Amino acid sequence: ARARQPPPRGLPWRPGANERGVRPRPRRPWARVGQRGKQRQRRSPQPFMSAPSTSAAGAAGEAHAGPDAASAGDGGELVLELLEEDEDDEACDREEAQDGWFAASQQQHELQSAGAGEAGTEAGAGPSAADEPAWKDYATVFTNDKAGMGDNMVHSKEHVQRVVYEMSQGSPHFENERRKERAADERASRMEAHVRAATEQALQAARRRADAALTALELTRRSDRAWALFDMDQFFFAVHAQKDPKLHEVPVAVGGIGMISTANYAARRYGVRSAMPGFIAKKLCPQLTFVRSDFAEYSRVSKLFGEALRPFDPEGTAYQAGLDECYVDLKAASAARDETPAETCAAARAAIKAATGITVSAGLAPSRQLAKVASDLNKPDGQYVLPSNRGAVVACAR
DNA sequence: ATACATACC
DNA sequence: AACTGGTATGTAT
């Protein structure tokens with residue numbers, strides 16, 4: 001898992017700005033038109049590194065584009081708008097027209113009946129044997145490990161996976177996940193084919209370029225930083241539990257029947273966790289209670305969190321990533337306090353606890369990405385120090 | 001530059 | 001029955 005890449009050091013963070021401090025241009029209004037609901041027919045996967053579109057448009061369309069776009073002829077105003085955008089590009093016109101929601105509703109039944117058979121054979125041809133139950137094939141984020149989901153689990157991973165499958169199977173969301181999975185598989189196949197088609201000479205040249213890039217990158221590595229990632233434990237839940245500590249004793253999810261944003265540790269034993277729809281969680285844990293989210297309160301506590309870190313950040317390196325995470329380079333503060341970075345990190349965590357009443361875990365490492373990884377290793381209310389040398393980094397990676 | 005896909009909280 | 005919303009980056013054209 002890759003950590004989100006924060007902006008370069010020294011740049012102030014502000015909401016809505018990317019790392020160059022620039023707000024992204026808003027999408028053109030018509031770009032939203034087709035996005036209503038999840039039913040929208042997605043554009044077919046594009047070829048990986050295809051030949052120039054002038055010569056390849058037809059072939060690519062045949063190979064990848066599915067049903068003929070000509071059937072979208074009576075699209076009405078939307079198609080006119082789309083055509084106006086790209087009058088001069090025929091291939092683009094065809095695709096845009098195909099992408100419209102009206103075409104989707106027209107083609108939906110065709111796709112579902114015709115595509116179902118195709119998808120079926122395709123899946124059957126894959127490595128998963130036909131004698132395996134379908135749920136074993138349905139890998140989701142919910143079967144990954146997470147803090148609080150170690151030894152004393154109520155349900156096995158397999159049970160969770162099966163329940164998630166059974167509750168999702170057949171829904172529009174499920175079909176969408178399958179579609180994305182297929183698209184990703186196809187993209188990987190195209191890349192593999194591309195590599196197979198390359199000459200040995202081309203491959204060697206590519207390897208040399210990659211090696212050179214890696215070497216250049218390695219030279220930029222610096223070990224004079226002490227990056228910490230502070231991550232509040234079960235943040236949303238912890239905010240609620242402060243007002244009502246009894247909540248710790250029973251399985252609680254923050255969110256609703258549609259979506260859960262946090263689960264407390266009691267709930268995680270049942271496999272209930274962030275990003276899980278509430279109705280599936282309820283199936284896994286019938287006694288689960290829900291607490292409605294309160295973003296105004298989360299923001300308030302999040303500010304206290306950030307302010308508590310300021311004394312540990314004389315150089316202004318802090319980058320608050322979301323409401324419950326903050327990266328800080330502790331180098332300057334630990335020098336000023338005449339401490340090891342680990343000691344400064346512990347002091348900062350104590351300060352956060354004092355300011356917010358909520359425990360926080362931290363990772364300490366020579367880079368932000370490593371700090372992020374390290375912060376998961378001693379959760380909750382702990383910290384993990386990854387020393388600033390390659391041996392430790394490689395050992396940790398294993 | 002634009003649209004769409006993916007990732008993270 | 002029911003699977004977020006906000007922000008940012010990556011990929012393909």
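Chain naming here is simple, since letters A, B, ... match the order of the sequence lines and numbering starts at 1 in each. These numbers were taken from a predicted model, which means no experiment stands behind them.
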So, do [X] and [Y] sit near enough that their side-chain heavy atoms are less than 4.5 Å apart?
X: M232(A); Y: T359(A); result: no
X: S334(A); Y: P341(A); result: yes
X: R273(A); Y: I260(A); result: no
X: V272(A); Y: R268(A); result: no

What integer distance in Å separates [X]:[atom1] from [N]:[atom2]?
X: L229(A); N: dC8(B); atom1: CG; atom2: C1'; result: 12 Å
X: E181(A); N: dT6(B); atom1: CD; atom2: P; result: 11 Å
X: D376(A); N: dC9(B); atom1: CG; atom2: C1'; result: 12 Å
X: N176(A); N: dA2(C); atom1: CG; atom2: P; result: 14 Å
X: D324(A); N: dC8(B); atom1: CG; atom2: C1'; result: 11 Å
X: F142(A); N: dT4(C); atom1: CZ; atom2: C1'; result: 12 Å
X: R182(A); N: dT6(B); atom1: CZ; atom2: C1'; result: 18 Å
X: F295(A); N: dT7(C); atom1: CZ; atom2: C1'; result: 14 Å

Looking at the rings of H248(A) and Y265(A), which for Trp means the six-membered one, are their centres under 6.0 Å apart?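 No.
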
What contact category does E325(A) fall into here, base, sugar-phosphate, or nothing, at under 4.0 angstrom with non-hydrogen atoms?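 Sugar-phosphate contact only.
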
Can a side chain N or O of R187(A) be found less than 4.0 Å away from OP1 or OP2 on dA12(C)?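 Checking dA12(C) against R187(A), a side-chain N or O does come within under 4.0 Å of OP1 or OP2.
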
Using a cut-off of less than 4.0 Å, is there contact between a side-chain N or O of K372(A) and OP1 or OP2 of dC8(B)? no

Of all the nucleotides listed ([options]), which has the minimum atom distance to the side chain of [X]?
X: A275(A); options: dC3(C), dC9(B), dT4(C); result: dT4(C)
X: K180(A); options: dC3(C), dT6(B), dC9(B); result: dT6(B)
X: P277(A); options: dC3(C), dA5(B), dC9(B); result: dC3(C)

According to side-chain hydrogen bond (donor to acceptor under 3.5 Å, both in side chains), who are the partners of R349(A), at least two apart in sequence or on a separate chain?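 For R349(A) the side-chain hydrogen bond (donor to acceptor under 3.5 Å, both in side chains) partners, ignoring immediate neighbours, are D381(A), Q383(A).
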
Using atom P of each nucleotide, how far apart are dC3(C) and dC8(B) to the nearest Å?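 Between the two P atoms, the distance is 22 Å.
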
Look at the side chain of E132(A) and the backbone N and O of D137(A), then say whether any donor-acceptor pair between them is shorter than 3.5 Å. no

Can you sort out which residues in residues 255-264 of chain A have a heavy atom within less than 4.0 Å of DNA chain C? Ascending by number, please. I257(A), G258(A), M259(A)

